[in-house]
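Shown next, in structure tokens, is the structure this report addresses.
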2 protein chains.
Amino acid sequence: MTMTKKVLILGGDGYLGWPTAMYLTKLGYKVAAVDSYFRRWACHELNVEPLIDVPNMQIRAALHKDLTQRTIEVAVGDITNYAFLQKVFEGKAFSSGWGPEPPDAVIHYAEQPSAPYSMIDREKAVFTLTNNLVGTANLIHAVREYNRDCHIVKLGTMGVYGTPNIDIEEGYLDVEHKGRRHKFLYPKAPGSLYHLTKAQDGDMLYFYVRMWDLRVTDLNQGPVYGIETDDTLKDDRLFSIFNYDDVFGTVLNRFLVQAAAGFPLTVYGKGGQTRGYLDIKDTLACVELSVRHPADRGKYRVFNQFVELFSVNELAEKVVQAGRNLGLKVEVKSIPNPRREAEDHYYNPAHTGLLDLGLQPHCLTDEVATQMLAHVMKYKGRIQRDYILPRVSWL
Amino acid sequence: MTMTKKVLILGGDGYLGWPTAMYLTKLGYKVAAVDSYFRRWACHELNVEPLIDVPNMQIRAALHKDLTQRTIEVAVGDITNYAFLQKVFEGKAFSSGWGPEPPDAVIHYAEQPSAPYSMIDREKAVFTLTNNLVGTANLIHAVREYNRDCHIVKLGTMGVYGTPNIDIEEGYLDVEHKGRRHKFLYPKAPGSLYHLTKAQDGDMLYFYVRMWDLRVTDLNQGPVYGIETDDTLKDDRLFSIFNYDDVFGTVLNRFLVQAAAGFPLTVYGKGGQTRGYLDIKDTLACVELSVRHPADRGKYRVFNQFVELFSVNELAEKVVQAGRNLGLKVEVKSIPNPRREAEDHYYNPAHTGLLDLGLQPHCLTDEVATQMLAHVMKYKGRIQRDYILPRVSWL
């Protein structure tokens with residue numbers, strides 16, 4: 001590993017962005033984090049505040065520096081504004097310690113990340129489209145303008161694939177048809193407008209890779225769970241933004257909070273919906289492995305980023321057991337599915353690329369689930385029960 | 001055919017939109033046309049004026065009414081502005097004769113249609129992205145708000161497919177993989193940012209069809225050629241906007257003008273690039289057939305809209321022969337390809353859907369090519385030779 005590699009994190013205040021920033025400084029990378037604070041704003045707008053209050057990114061960076069002597073450069077701004085992104089690439093958005101050289105790698109988390117948010121109404125659909133696609137287009141053009149060698153690591157989602165009746169391969173699909181063969185980017189069938197934008201931004205990155213020989217890694221990630229990373233243990237104020245509401249919360253995190261609040265776990269429909277999950281610690285490892293081993297020039301590399309497959313019913317069962325371990329009686333309740341999706345389907349996605357790079361995955365053991373639930377229990381008094389039931393319909 | 005069917009044409013001032021409007025009134029449809037005049041503005045901006053001056057849409061609609069007693073309702077506005085689109089769907093943008101009922105069908109031509117334009121710089125790439133995707137998203141939401149039964153006929157492009165090494169099927173691809181089968185939307189590999197947005201808007205329409213059971217027909221059209229339709233013959237001022245420049249001109253139209261100007265036909269690279277072409281008269285017929293036979297509710301129907309396959313070299317040869325017929329000596333010159341594309345490739349796209357609906361295709365015979373060239377010769381004095389060479393590089 002080059003110890004002085006400069007890494008720019010877009011969306012550096014988020015659930016994944018902030019712990020990634022801390023993690024990379026620990027491994028010797030030079031790190032800058034940028035965020036528009038959209039997520040904080042939307043949490044206020046929809047009144048779905050995170051479980052744990054965390055200070056803003058500037059305050060957290062200062063605190064992190066006090067505790068570790070490691071620097072995270074920070075800038076607040078919106079990458080859909082190209083003039084701001086130019087300042088970021090020119091180093092003018094940061095202290096002089098960052099320097100004028102453009103980054104060697106950019107980790108792109110700066111997209112509106114919620115499926116329900118994108119389905120609330122037309123305005124939020126159009127916001128999601130323009131934020132996610134214009135932001136990515138600007139990033140591509142900045143890389144072209146400042147450093148074509150810069151490696152773009154974009155967080156994608158397994159949700160772009162939908163649930164096809166054949167195996168989901170890792171990014172590409174070899175098709176034999178009428179005696180001829182062609183290798184396609186794996187076809188997408190996303191299940192929300194948000195997921196659609198992640199298919200669209202992937203197609204856009206793939207296009208500009210073909211035109212301009214960029215280096216891109218697209219990490220099609222499954223739902224992430226978890227609260228702690230090694231760095232958050234130092235101080236509660238270094239925690240990630242942890243949402244458990246129907247809009248920004250991911251399913252296992254929501255279940256943990258429901259269990260802690262004595263609320264039945266809300267399974268949407270039959271609960272046979274199966275996805276690939278991973279611990280937040282593995283997200284950090286996967287992103288770092290990607291940065292450490294960049295995609296070649298002219299290569300759009302895709303990894304399917306998850307560790308274990310579970311159905312929603314299986315996840316609920318794990319939380320019921322974790323509750324039992326802590327003396328809580330947790331109930332499971334099926335409610336009408338607000339989404340339009342298959343509730344029972346074939347699902348067999350490949351995921352060998354990151355293991356081949358050296359990922360040591362964390363599994364969702366009974367112990368891990370119980371620890372997470374115990375952690376959430378500490379904040380039980382802050383849980384808002386009216387955040388729990390889904391309020392956004394896909395129809 | 002229901003003779004009172006209300007059809008809304010978005011992009012009604014354009015090369016295809018305007019003759020479509022005239023054609024549909026003749027067949028008894030009630031027609032309204034909307035345009036933002038982006039294309040006129042961009043022709044001024046880039047100084048690539050059309051070969052033939054045509055009055056604006058309001059003037060042409062009045063002239064058309066005088067000549068035919070048929071009404072084309074018109075409104076000037078931008079569909080990326082949802083408040084304007086609401087007025088259109090509520091009928092408030094038109095005269096009282098149009099009425100307050102929402103349209104039964106919308107023909108969506110209102111996208112930035114030029115590949116080179118989208119590759120000029122970042123601003124134009126972002127304009128193309130937001131214009132094409134926000135416009136389409138607004139249309140989808142207007143259909144949902146006012147009439148879910150309304151049939152959206154969107155003009156797509158064969159360019160979304162790229163040049164895969166297997167047959168291009170009509171919209172969907174049945175894949176057998178490891179002993180299982182799945183039907184995918186045919187995977188896309190567009191060759192410009194513009195073409196990418198047409199793949200992205202198709203994916204968006206397909207998504208909302210799955211969610212909201214809309215009716216959509218996507219017409220993946222090849223390059224169109226031609227100047228006249230039956231209705232333009234009445235008065236020169238009713239002609240389509242006819243571009244022959246490197247940004248908005250399609251290849252055969254450009255060749256005709258080059259031949260008329262005594263300029264060598266500019267073949268990009270080897271000239272083996274093969275595409276499916278059609279006469280503008282067939283575009284009108286295909287669009288009307290689609291409107292007359294709407295897609296079912298919940299169906300995203302795709303037609304590959306072209307008539308004959310030609311390589312660029314074959315097209316050039318046809319224009320050389322047409323020139324010979326008119327006593328012109330036409331040369332062909334290969335110039336460095338400003339695009340990044342395969343110049344020699346397999347190409348076998350299916351196109352049976354529109355023939356099954358009853359399309360009677362026009363072919364590019366020697367007579368047709370010669371007639372078109374003779375027509376262009378009438379405007380020889382207006383040809384700007386500095387519009388001819390490509391100025392936009394893909395790199």
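Numbered from 1 within each chain, the chains take letters A, B, ... in sequence-line order. What you see is a predicted model, and the numbers here were worked out from it, not measured in a lab.
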Under a 4.5 Å heavy-atom cut-off, does chain B meet the side chain of A:E176, its backbone, both or neither? neither
Hey, could you give me the CD/CG distance between B:Q200 and A:L196, rounded to the nearest 0.5 Å? 8.0 Å
With respect to chain A, which residue among B:G162, B:G191, B:A199 yields the maximal number of heavy-atom pairs within a distance under 4.5 Å? B:G191
Roughly how far, to the nearest 0.5 Å, is CZ of B:F184 from OH of A:Y186? 3.5 Å
What part of B:R339 is in contact with chain A, defined as an atom under 4.5 angstrom from a non-hydrogen atom: side chain, backbone, both or neither? neither
Heavy atoms, side chains only, cut-off 4.5 Å: are B:H177 and A:L173 in contact? yes
In short, A:A125 meets B:Y208 closest at the heavy-atom pair CB-OH, 3.9 Å
Between the NE2 atom in B:H182 and the OG1 atom in A:T163, the distance rounded to the nearest 0.5 Å is 7.5 Å
Is B:A189 in contact with chain A via its backbone, its side chain, both, or neither, using a 4.5 Å heavy-atom distance? both
Options B:K183, B:K188, B:M204, ranked by heavy-atom pairs under 4.5 Å with chain A, top entry: B:M204
Chain A heavy atoms under 4.5 Å from B:E123: which part of the residue, side chain, backbone, both or neither? neither
So, the part of B:L193 with a heavy atom under 4.5 Å from chain A: the answer is both
Specify the closest pair of heavy atoms between B:L129 and A:L133, including all atoms of both residues, with the distance to one decimal. CD1-O, 3.9 Å
Quick one: what part of A:L395 sits under 4.5 Å from any heavy atom of chain B, side chain, backbone, both or neither? both
Under 3.5 Å, is there a donor-acceptor pair between the side chain of B:W394 and the main chain of A:W212? no
Counting heavy-atom pairs under 4.5 Å to chain B, which of A:T197, A:T80, A:N138 comes out on top? A:N138
Once rounded to the nearest 0.5 Å, what's the spacing between atom CD1 of A:I166 and atom CZ of B:R180? 9.0 Å
Verify, without hydrogens or angle tests, whether A:R210 (side chain) and B:P190 (backbone) share a donor-acceptor contact under 3.5 angstrom. yes
Looking only at B:H195, B:R122, B:E145, the option with the highest number of non-hydrogen pairs under 4.5 Å against chain A is B:R122
Which heavy atom in A:L185 sits nearest to a heavy atom in B:P187, and how many Å separate them? O-CB, 4.2 Å
